Protein chains: 2
Amino acid sequence: MTIKEIAKLANVSLGTVDRVIHKRGKVSKETEKKILDIIDKVNYTPNIYARGLVLNKQYRIKALLPEFRQGQYWEMPVKGMQNAATNLSQFGIQLEVLYFDQNSVTSFNSAAKQLLSYKPDGVILAPVINFEAVKLSKKLKDAQIPYVLIDSLIQNSEPLSFIGQDAFQSGRLAAKLLCTEINLKGSISIISIKNNENYNSTLQQRIEGFKDYIANSDFIDQISLNESHIHVGSPDMPMAIENAIGTKENVDGVFVPSSMIHHVAAYVDRYRQRFPNLKMIGNDLIPNNIRHLEKGTIHYLIGQRPENQGYYALSSFYKHLVLGQRVAEDIYLPLDIITQENLKYYNNNFQYNF
Amino acid sequence: MTIKEIAKLANVSLGTVDRVIHKRGKVSKETEKKILDIIDKVNYTPNIYARGLVLNKQYRIKALLPEFRQGQYWEMPVKGMQNAATNLSQFGIQLEVLYFDQNSVTSFNSAAKQLLSYKPDGVILAPVINFEAVKLSKKLKDAQIPYVLIDSLIQNSEPLSFIGQDAFQSGRLAAKLLCTEINLKGSISIISIKNNENYNSTLQQRIEGFKDYIANSDFIDQISLNESHIHVGSPDMPMAIENAIGTKENVDGVFVPSSMIHHVAAYVDRYRQRFPNLKMIGNDLIPNNIRHLEKGTIHYLIGQRPENQGYYALSSFYKHLVLGQRVAEDIYLPLDIITQENLKYYNNNFQYNF
DNA sequence: TAAAATAGCGTGTACGTACCTTATTTTTAA
DNA sequence: TTAAAAATAAGGTACGTACACGCTATTTTA
């Protein structure tokens, strides 16, 4: 059904239907109602080709993400976004990624300022620096620029959609796997490793989930837990790791709720004979972690499909801006359990629809 | 860059460029070369909107799949396909699914005949009845109808793409998980359950993978294996299950390489006290299996994203027919490990790009 | 009471492509 | 040499939509 046919049905001209559809006014109440009724009845949807052709519009989406080096976590969402950008470029979706230093509020703010100056049609935001992200989200709201949150949520925000994971449940899952590996008894060390100073709700939730699982198990009495916090790059990191995994009495299991488990794995690997039965579980399929998974130092990795997160983030805008569809509000991606055996088809075989 | 601009650059009319692009002939060699050079240089790609608008073409894709009842495996790929059909309908992709009885060659052939009579623009084929599928694939090739294979491959075929899983690796993964659960020692029963009489390469490969993992482990001596084959619906199924999981001495682990593990789980559940420590692992997130996973009767399920398989199958045709893109030949989907803890985000939260 | 403003509606054009029709030039055959 | 045929090129139209603009009848203002 086309506008022309609707016009014929309503005994009006094409232009009148057009004005009704686009709410341009200058149509009498009764004519408007008649046309709306017909549109409703025949279930009219605009022809995407014709619309795309005439609008010939470019949608500029800016992503604001933490800067990263090769092999670090944020490389993966970016990969997914760029993949989506390739697929969606023919629909006029343009992506540019702006980066900020996770440890520098100044850097975030200057990037945010730049971003706003572009007057983009949409923004993808990783609220790694929570407080500043809140401020930016307010500005975006004022400027009527839709934004998608990726990785974690922020308070009182009204994003077009949120794309991330259930971090609490991720922690519970890690606990379940690790406890099975160590046969439901022994000493477990939770090692929280970060490369920035920000409060990280994701890490926190994972740790809480981890503890929750054990606290609510029937083998809680057989497990002893201790928790340490380490900052990447600090000179006493080796010592901190040493302390965390035990100097005199060794621990049986290690849980690192971030993508940084490879630092512990590297240490364990170096002094292999001291930790013959240590089981380790961490998050994220980054190359350094994968290497240790293949070697057997790490036993499980929990993935959250960061590439898909990136892909969805951009395609949310495609749906919203190009197709004019409603977008799902919250997208929680599955928590993938990865071992040596199923690594292969997670590793480099990400296929995208489209 | 548009055809018009290219025409201007080449100092010819729009129609001439059109003839060159569509190889309609009636253009002198030199003019053709000049135009091709320009097209190459400016990296011309046709505007998908304008093309779609003028062609206004409907692509009729027919899928030929095993019939199913609610809750059975094939429901899931179909769901994915129909989801894709909804998203792609605005691009002129139309899907109709034809069904056949897995136990009836006649049924397959009559459905295949019907399918061919439609002269579809593309076919999605589940080669569950292998021999007949081979014949159909030949006919499709002769008729120059592209087809996508889903679930399993067939010999000597040249599909547009294959979408499925690595069944051998799936079996290895199952073995790894089950062996960890039973603490690397004990008696394991492989129970192959089918609801048809066809040779099923997927099941076979999973079983081989399962055995391969144990055969190449260093605890092979601690494991005893036995294998049984059961046909769903046969009157002696309960007895067969009874025999498979042990009458006098119980087994420690059960592996069912199909989606039919719920039959065993139901049995185990009924006589729970007899199997206090039995660990079970199977395939596919169908409702019956999920229920037993939630209850704890089943410990792990291995998924292969059947909805995604269905989605990819149809979007392969979108890529091929609408966008004119090259399509990835083989798509192996990840082998997902599902437990009580990460079930939620696999269960009903499948999101699709687009 | 005439002029100006406005409501309501229709018309025309452009987007880039595919394809059909017509015009011009070149080649061939008589 | 000329008419017919073939080859080549040009022109035009339609696809469905968005939007600028124009027209008429009515209402408001001066």
Side-chain angles (χ1 to χ4, degrees), chain A residues 1-39 42-59 89-94 121 318 321-325, chain B residues 1-39 42-59 88-94 121 321-325:
Chain A
M1 182 62 62
T2 70
I3 286 185
K4 201 190 223 168
E5 294 173 283
I6 290 171
K8 191 172 254 173
L9 282 176
N11 259 324
V12 296
S13 82
L14 222 140
T16 307
V17 179
D18 178 65
R19 270 185 301 270
V20 170
I21 288 174
H22 295 93
K23 302 194 179 88
R24 290 193 230 281
K26 311 202 174 180
V27 179
S28 71
K29 275 273 175 292
E30 40 202 327
T31 310
E32 183 175 16
K33 182 170 180 349
K34 186 165 66 175
I35 292 173
L36 285 177
D37 284 350
I38 293 174
I39 285 179
V42 303
N43 206 0
Y44 166 80
T45 47
N47 182 313
I48 183 183
Y49 290 123
R51 164 173 286 174
L53 181 61
V54 67
L55 286 179
N56 191 21
K57 196 167 168 177
Q58 297 297 312
Y59 299 96
S89 66
Q90 60 195 311
F91 299 107
I93 299 280
Q94 293 174 343
D121 301 291
Y318 165 69
L321 298 171
V322 178
L323 299 181
Q325 291 179 0
Chain B
M1 182 63 63
T2 70
I3 286 184
K4 201 189 226 169
E5 293 173 283
I6 289 171
K8 190 172 257 172
L9 282 177
N11 258 326
V12 296
S13 83
L14 218 140
T16 308
V17 177
D18 177 65
R19 256 167 284 126
V20 170
I21 288 174
H22 294 92
K23 301 196 180 87
R24 289 193 232 283
K26 311 201 174 177
V27 178
S28 70
K29 275 272 174 293
E30 40 203 328
T31 311
E32 183 176 14
K33 183 170 181 345
K34 185 166 67 176
I35 292 173
L36 285 177
D37 283 352
I38 292 174
I39 284 179
V42 302
N43 207 358
Y44 167 80
T45 49
N47 181 311
I48 183 184
Y49 291 123
R51 164 172 284 174
L53 181 60
V54 69
L55 285 180
N56 191 22
K57 199 171 166 177
Q58 298 298 312
Y59 300 95
L88 298 173
S89 66
Q90 60 195 311
F91 299 107
I93 298 281
Q94 293 174 343
D121 300 291
L321 297 172
V322 179
L323 300 181
Q325 290 179 359

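Each chain gets a letter, A, B and so on, in the order the sequences are listed, and its residues count up from 1. Being a predicted model, the structure only gives us computed values, none of them experimental.
Listed pair A:Thr31 / C:dC9 meets the phosphate criterion, a side-chain N or O lying under 4.0 Å from OP1 or OP2. OP1 or OP2 of C:dT11 has not a single side-chain nitrogen or oxygen of A:Ser13 nearer than 4.0 Å. A sub-4.0 Å separation between OP1 or OP2 of D:dT17 and a side-chain N or O of A:Tyr44 is present. The shortest distance between the side-chain N/O atoms of B:Thr16 and the OP1/OP2 oxygens of D:dA10 is below 4.0 Å. Listed pair A:Arg51 / D:dG16 fails the phosphate criterion, with no side-chain N or O lying under 4.0 Å from OP1 or OP2. When the side-chain nitrogen and oxygen atoms of A:Ser28 are compared with OP1 and OP2 of C:dA7, none of them lie within a distance under 4.0 Å.
Here B:Asp18 lies in heavy-atom contact (under 4.0 Å) with a base. Contact annotation for A:Ile3: backbone-only contact, meaning every heavy-atom pair under 4.0 Å involves sugar-phosphate atoms and none involves a base.
We find that NZ of A:Lys4 is positioned 7 Å from P of D:dG16, with the value rounded to whole Å. One can place CG of B:Asn11 at 16 Å from C1' of D:dT8, the figure rounded to the nearest angstrom. Between A:Ile21 atom CD1 and C:dG10 atom P the separation is 14 Å, expressed in whole Å. Between the NZ atom of A:Lys26 and the P atom of C:dC9 there is a distance of 12 Å, given to the nearest Å. Atom CG of B:Leu14 is separated from atom P of C:dC15 by 12 Å (rounded to the nearest Å). In this structure, A:Ile39 atom CD1 and D:dT17 atom C1' are separated by 13 Å, rounded to whole Å. Taking atom CG on A:Leu53 and atom C1' on C:dT13, their separation rounds to 13 Å, with Å as the unit. When rounded to the nearest whole Å, the span between NZ of A:Lys57 and C1' of D:dC19 equals 14 Å.
Between B:Tyr49 and A:Tyr49, the two ring planes are perpendicular [angle over 60°; tilted spans 30° to 60°].
Residues A:Gln90 and B:Leu323 have side chains in contact (heavy-atom distance under 4.5 Å, counting atoms from C-beta outward). For the pair B:Ile48/A:Phe91, a side-chain contact is recorded, criterion being any heavy-atom separation below 4.5 Å from C-beta on. With contacts defined as side-chain heavy-atom distances shorter than 4.5 Å, the pair A:Gln94/A:Asp121 does not qualify. Using a 4.5 Å heavy-atom threshold, the side chains of A:Leu9 and A:Glu5 count as separate. Under the 4.5 Å side-chain criterion, counting only non-hydrogen atoms from C-beta, B:Ile21 is in contact with B:Ile39.
Comparing A:Arg19 and A:Pro46 by the nucleotide of DNA chain D that holds the closest heavy atom to each, the one mapping nearer the 5' end is A:Pro46. Of the two residues near DNA chain D, B:Gly15 and B:Asn56, the one whose nearest nucleotide lies more 5' is B:Gly15.
Between the side chain of A:Arg24 and the base of C:dG8, no donor-acceptor pair of N or O atoms lies under 3.5 Å.
Relative to the side chain of B:Val54, the nucleotides C:dT17, C:dG10, C:dG8 differ in distance, and C:dT17 lies closest. Nearest to the side-chain atoms of B:Val12 among the listed nucleotides D:dA10, D:dT17, C:dC15 stands D:dA10. Taking every side-chain heavy atom of A:His22 into account, D:dA18 is the closest of D:dA18, C:dC9, C:dG16.
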